[in-house]
Amino acid sequence: MKEGVYRSTEAMIAALKPSYPVYCVNTKAMRQAAQAFCAGFPGDVLYAVKCNPHPLVLKALHAGGVHHFDTASLPEVALVRELFPDAQLYFNHPIKVRPHIRMAHTVYGVRHYVIDCRAELDKVIQEADGAKDATILVRMATPAAGAAFHLSAKFGAAPQECVELLQAVREVGLKPGLAFHVGSQCINPQAYTIALRVVGDVLQSARVDLACLDVGGGFPAAYTGTEIPPLSKFFTAIKTGLKTLKLPPSCAILAEPGRALVADSVSLVVQILQRRDERLYINDGVYHSLSETVSGGIRLPTRLIRLEGGAPSNEMADYTLYGPTCDSTDVLPHPYALPADAREGDWIELGRAGAYTSALVSHFNGFHPETYIELDSES
Ligand SMILES: *Cc1c(COP(=O)(O)O)cnc(C)c1O
């Protein structure tokens with residue numbers, strides 16, 4: 001077997017006995033998730049790189065048919081371009097760093113840019129040398145409807161502003177597009193229906209020919225304690241909404257999923273450093289892989305793994321999990337059920353840990369989880 005590739009989580013633990021957190025990517029499952037999304041979505045699928053930019057992840061998604069990427073900074077643009085010379089890159093951050101636009105345009109061939117105000121349109125035109133062959137997507141704010149993270153609180157133009165911006169894009173001779181994001185971990189397919197209805201209103205007033213319509217990300221993962229509709233329900237809501245818009249066939253339809261493509265096929269293996277009553281001190285926490293347990297109230301499934309000294313108890317207990325830093329706020333907000341005899345040295349596998357985990361780690365207190373291994377049950 002190749003270095004860094006293991007048959008199972010247990011095989012990895014037996015080989016490495018890791019005292020540091022380890023992210024385990026099931027590359028086959030991730031490839032299949034990408035294939036399923038691409039098969040079900042009625043348009044081009046852009047992976048939102050910020051969600052998890054690890055090369056193992058990017059390569060698995062690319063192998064699953066994702067060849068378009070939503071990037072927000074020059075380092076993301078460069079990372080994807082260097083891995084995949086054939087990829088199509090979109091610069092979908094509404095407030096871009098000026099030199100990032102210049103480099104993205106001249107060096108990396110980016111031709112799609114998101115804006116949500118006139119100043120950003122002017123900035124793109126200035127920095128991208130007139131942006132003559134570019135498509136400019138206007139980011140529209142959406143009403144809050146069932147997402148754990150409401151992304152329109154920060155970016156997005158109101159419908160009337162979108163009308164003016166679309167017309168401004170046309171007036172300067174560039175191709176207009178429209179984009180929105182219903183918010184991350186959105187468990188309500190109707191959020192897309194509502195947003196597409198607003199798109200209909202905007203288009204009726206703007207009277208421009210759209211070059212593309214981007215329905216964003218937001219598709220959810222099945223975290224502990226959350227019932228989520230299957231992806232097909234989201235695709236049906238989107239297809240139904242699109243039909244009423246009567247877009248010309250030349251209008252490209254795009255989605256920018258992050259979480260839904262990668263959450264399920266990565267697990268995170270952490271180790272118990274110490275037990276005090278029903279408190280477990282582990283080697284990862286809210287300043288590292290697990291900040292979304294606080295910011296999004298997210299709960300990951302857990303499983304105890306013990307290699308020596310017999311199987312863990314069948315009896316379960318509820319524990320509070322503390323992170324490794326000296327900060328008292330480094331504690332997960334929900335209780336976690338694990339065997340009643342959990343103890344120092346045991347490992348805990350946290351499931352569905354592919355999205356917004358390693359992407360958000362800090363170096364606080366000298367801890368910095370970064371080890372990725374590949375699980376390959378076939379070889
Ligand atoms: C974060 C983000 C995404 C990905 O969102 P998910 O909820 O992970 O699907 C897509 N597009 C934009 C513009 C984003 O900011």
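Remember, it's a predicted structure, so these values are computed and weren't measured experimentally. Each residue takes its place number in the sequence, starting with 1. Atoms within each ligand, like the ligands themselves, are counted from 1 in listed order.
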Within the 4.0 Å heavy-atom shell around [X], which atoms of ligand 1 are there?
{"X": "Gly217", "answer": "9 (O)"}
{"X": "Ala48", "answer": "3 (C), 4 (C), 10 (C)"}
{"X": "Arg259", "answer": "6 (P), 8 (O), 9 (O)"}
{"X": "Gly258", "answer": "4 (C), 6 (P), 8 (O), 9 (O)"}

Residues that His112 engages under ring-ring contact (aromatic ring centres under 6.0 Å, His included), provided they are two or more places apart: Tyr90
For Ser184, is at least one N or O under 3.5 Å away from an N or O on ligand 1? yes
Should Arg139 be counted as touching ligand 1, given the test is an N or O pair under 3.5 Å? no
Give a yes/no on ligand 1: does Pro257 have at least one heavy atom closer than 4.0 angstrom to it? yes
Residue-ligand contact Gly218/ligand 1, heavy atom below 4.0 Å: yes
Region of [X] engaging ligand 1 - heavy atom pairs below 4.0 Å:
{"X": "Asp70", "answer": "side chain"}
{"X": "His93", "answer": "neither"}
{"X": "Glu256", "answer": "both"}

Under 4.0 Å between a side-chain nitrogen and a carboxylate oxygen: does that hold for Asp122 and Arg118?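 Looking at Arg118 together with Asp122, the answer is yes, because their closest N to O distance falls below 4.0 Å.
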What residue and atom, counting heavy atoms only, is the protein's closest point to atom 5 (O) of ligand 1, and at what distance?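 The closest one turns out to be His181 NE2, 3.0 Å.
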For atom 1 (C) of ligand 1, what is the closest protein heavy atom, and at what distance to 0.1 Å? Lys50 NZ, 1.3 Å
How are the rings of His363 and His368 set to each other: parallel, tilted or perpendicular (split at 30° and 60°)? parallel
Parallel, tilted or perpendicular, as decided by the 30° and 60° cut-offs, for the rings of Phe364 and Tyr287: perpendicular
Looking at Phe180, Tyr356, Tyr47, the heavy atom closest to atom 8 (O) of ligand 1 belongs to Tyr356
So which atom in Glu292 and which in Leu360 form the shortest heavy-atom distance, rounded to 0.1 Å? CG-CD1, 4.4 Å
Would a single hydrophobic cluster contain both Tyr20 and Leu375, if residues Ile, Leu, Val, Met, Phe, Trp and Tyr are joined by side-chain heavy-atom contacts under 4.5 Å? yes
May I ask whether Phe84 and Tyr47 are part of the same hydrophobic cluster, defined by side-chain heavy atoms of I, L, V, M, F, W, Y residues being less than 4.5 angstrom apart, directly or through others?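 Cluster IDs for Phe84 and Tyr47 match.
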Determine whether the aromatic ring centres of residues Phe41 and Phe234 are separated by less than 6.0 angstrom.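 Between Phe41 and Phe234, which both carry aromatic rings, the centre distance is not below 6.0 Å.
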Which atom pairs, one a donor and one an acceptor, fall under 3.5 Å between side chains of residues 207-233 and the rest of the protein, sequence neighbours left out?
residue	atom	partner	partner atom	Å
Asp214	OD1	Gly216	N	2.8
Tyr223	OH	Arg259	NH1	2.8
Thr226	OG1	Tyr223	O	3.0

